[in-house]
Amino acid sequence: MSARLRKLIGLFGMVAFVTAYAVAAIAIGERLPDSLWIQTVYFAVAGLAWGVPILPLISWMNRGH
């Protein structure tokens, strides 16, 4: 598979993943107690945590230059 095609597939995969992740994070966040601290910590962690599961996809996209 060419590098261009891998990057195109990866692009659509990332957009789909981040969209689904954001929807899930918001749905969970809406069910949290009305505490500013709990919501702040949750959204800070959720806002950074999306990068960990996407790393294998980025690695796959950049394989075989």
Participant: Could you report the tightest heavy-atom contact between A46 and Y21, atom names first, then the distance?
Facilitator: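 Reported closest heavy-atom pair: O-OH, 2.9 Å.
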
Participant: Let's go through L57 and W60 carefully: what are the C-alpha distance in whole Å and the side-chain angles of both, what is the deciding distance for side chain to side chain contact (heavy atoms under 4.5 Å, CB included) to 0.1 Å, and is it a yes or a no?
Facilitator: CA-CA 5 Å; L57 179 60; W60 174 78; 3.9 Å; yes

Participant: Less than 4.5 Å apart, side chain to side chain, heavy atoms only: is that true for M61 and I9?
Facilitator: no

Participant: For L55, is there any backbone N or O sitting under 3.5 Å from a side-chain donor or acceptor partner on S59?
Facilitator: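 Not at all, since once roles are kept as given, no pair shorter than 3.5 Å links the two residues.
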
Participant: Is there a path of hydrophobic side-chain contacts, each under 4.5 Å between heavy atoms, that joins I58 and V18?
Facilitator: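 Shared cluster, yes.
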
Participant: Side-chain heavy atoms under 4.5 angstrom apart, residues restricted to Ile, Leu, Val, Met, Phe, Trp, Tyr: same cluster for V23 and M14?
Facilitator: no

Participant: N62 versus K7: any side-chain heavy-atom pair under 4.5 Å?
Facilitator: yes

Participant: Under 4.5 Å between side-chain heavy atoms, hopping through other hydrophobics if needed: is there a path connecting F43 to I38?
Facilitator: yes

